[in-house]
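To keep things clear, I will list the structure first and then write my remarks on it.
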Amino acid sequence: MGAVDQAFIQAQEHRPAKSSSTYAEGIPLIDLSSPDGLVSEIGNACKNWGFFQVVNHGVPLEKRQKLEDSSRKFFGLSSEEKRKIRRTEKQVLGYYDTEHTKNVRDWKEVFDFVAKDPHFIPASPDPHDKELLEWHNVWPQYPPELKEASEEYVKELEKLAFKLMELIALSLGLPANRFHSFFRDQTTRVRINHYPPCPAPDLALGVGRHKDGGALTILFQDDVGGLQVKRKSDGEWVTVKPTPDAYIVNVGDIIQVWSNEAYESVEHRVMVNTEKERYSIPYFFYPSHYTMVEPIEELTNEQSPPKYKAYNWGKFLMNRSLSNFKKLNVENIQISHFRISKLADKLEGALSINN
């Protein structure tokens with residue numbers, strides 16, 4: 001990644017401001033070891049920010065450091081060596097360095113693996129296609145410890161993910177285990193991001209603006225920082241300052257739908273810089289591929305009817321993944337495509353009457 005190719009350059013309105021270093025004052029920092037008011041803290045964070053940080057989370061520091069150390073060794077390899085396990089449209093796990101977000105190339109390279117191996121996912125976005133694909137993780141020969149470090153790490157993150165989902169359920173007035181069954185055959189993925197120094201950080205982004213399509217994202221970022229959140233109160237891009245041994249948690253689109261918009265996912269992006277490389281490890285907590293995502297029944301009533309039609313998570317995921325491999329002429333699928341509007345309801349009603 002030398003000079004900035006045109007493929008990396010963001011549209012003028014999406015380029016980071018040169019003085020864009022405002023830290024996100026007030027982003028909640030939640031101590032998970034303190035039971036007093038924990039449920040309401042989580043609820044307020046989800047409602048007001050869609051993002052929060054957690055400390056005393058129970059993930060052993062040495063597990064994360066082991067994965068971080070082996071990741072640095074892997075990304076230190078030659079491009080030729082890393083590309084031996086390069087992702088393709090058929091082998092969708094492993095190394096990749098040409099990913100796009102909203103059809104603009106990201107200034108990063110990644111290594112992807114799934115938490116559950118083997119991993120079953122629909123073969124296509126076609127709702128009539130019942131075929132399933134079986135995915136397997138692909139590991140490099142070097143460093144040999146990357147596989148074990150990754151597998152140990154995801155076991156710890158899964159415990160944290162379920163704990164957070166229980167707290168979110170309670171904050172919504174639901175039983176703690178209300179979401180558990182959706183993750184019986186989870187499709188959770190983990191990504192290791194490496195952001196090299198960029199000669200033009202005012203033109204490119206490590207990851208362009210986006211919302212996360214899953215349920216929860218639990219992110220470790222190193223001390224370089226770069227994550228920016230679009231603050232709900234005023235729409236400003238603010239930087240999440242790294243907190244030692246903390247995880248950054250954000251609500252995904254699925255929770256927005258499940259909660260019937262009591263909680264909303266928030267746009268975020270990643271800045272790059274000219275001097276320092278950056279590493280981050282997001283854990284994307286995804287439900288089973290056969291999950292029909294729709295507002296939770298207990299959270300809807302006549303006064304607050306469902307705001308989304310049900311959609312199949314596996315099909316949604318496959319549709320989204322297509323845009324990672326090539327630039328598309330249209331925006332990829334969003335939950336807004338399933339949002340129920342009064343106008344759409346009237347049109348649907350008229351059609352049913354006419355038929």
Any carboxylate oxygen within less than 4.0 angstrom of a Lys/Arg side-chain nitrogen, looking at E99 and R105?
no
Examine R87 relative to Y96 and say whether NZ or CZ is less than 6.0 Å from the centre of the six-membered ring and inside a 45° cone about the ring axis.
yes
For H289 and L132 the tightest heavy-atom approach is CE1-CD2, 3.5 Å
Looking at K66 and E62, is there a salt bridge between them, counting it only when a charged N and a carboxylate O are closer than 4.0 Å?
no
Would you kindly check if the NZ (Lys) or CZ (Arg) of R231 is within the cone defined by 45 degrees around the ring axis of W237 and under 6.0 Å from the six-membered ring centre?
no
Determine whether R189 and D112 make a side-chain contact, defined as any pair of heavy atoms from C-beta on separated by less than 4.5 Å.
no
For Y195 and D106, test the side chains for any donor-to-acceptor distance below 3.5 angstrom and give the result as yes or no.
no
Between K155 and E151, is there a side-chain N and carboxylate O pair less than 4.0 Å apart?
no
State whether the number of non-hydrogen atoms from other residues, nucleotides or ligands found under 6.0 Å of E13 atom CD is greater than 12.
yes
Identify whether the distance between the nearest side-chain nitrogen and carboxylate oxygen of R64 and E156 falls below 4.0 Å.
no
What do you reckon, are the aromatic ring centroids of F182 and W258 less than 6.0 Å apart?
yes
How close do D223 and P242 get, counting heavy atoms only, and between which atoms?
O-CG, 3.9 Å
Presence of salt bridge, E261 and R339, under 4.0 angstrom
yes
Within a 6.0 Å radius of atom NZ on K47, are there more than 12 heavy atoms belonging to other residues, nucleotides or ligands?
no
Any Lys/Arg nitrogen of D97 or R83 sitting under 4.0 Å from an Asp/Glu carboxylate oxygen of the other?
yes
Aromatic contact, F338 with Y308 (centres under 6.0 Å)
no
So that I know where these two stand, are H210 and H268 an aromatic pair - ring centroids less than 6.0 Å apart?
yes
What residues form a side-chain contact (heavy atoms from CB on, under 4.5 Å) with E277, not counting sequence neighbours?
R72, H194, P197, Y279
Test ring pair (Phe, Tyr, Trp, His ring centres under 6.0 Å) on F285 and F162 and set out the steps.
CA-CA 9 Å; F285 197 41; F162 274 114; 5.3 Å; yes
For F111, the ring pair (Phe, Tyr, Trp, His ring centres under 6.0 Å) test, sequence neighbours excluded, returns F74, W139
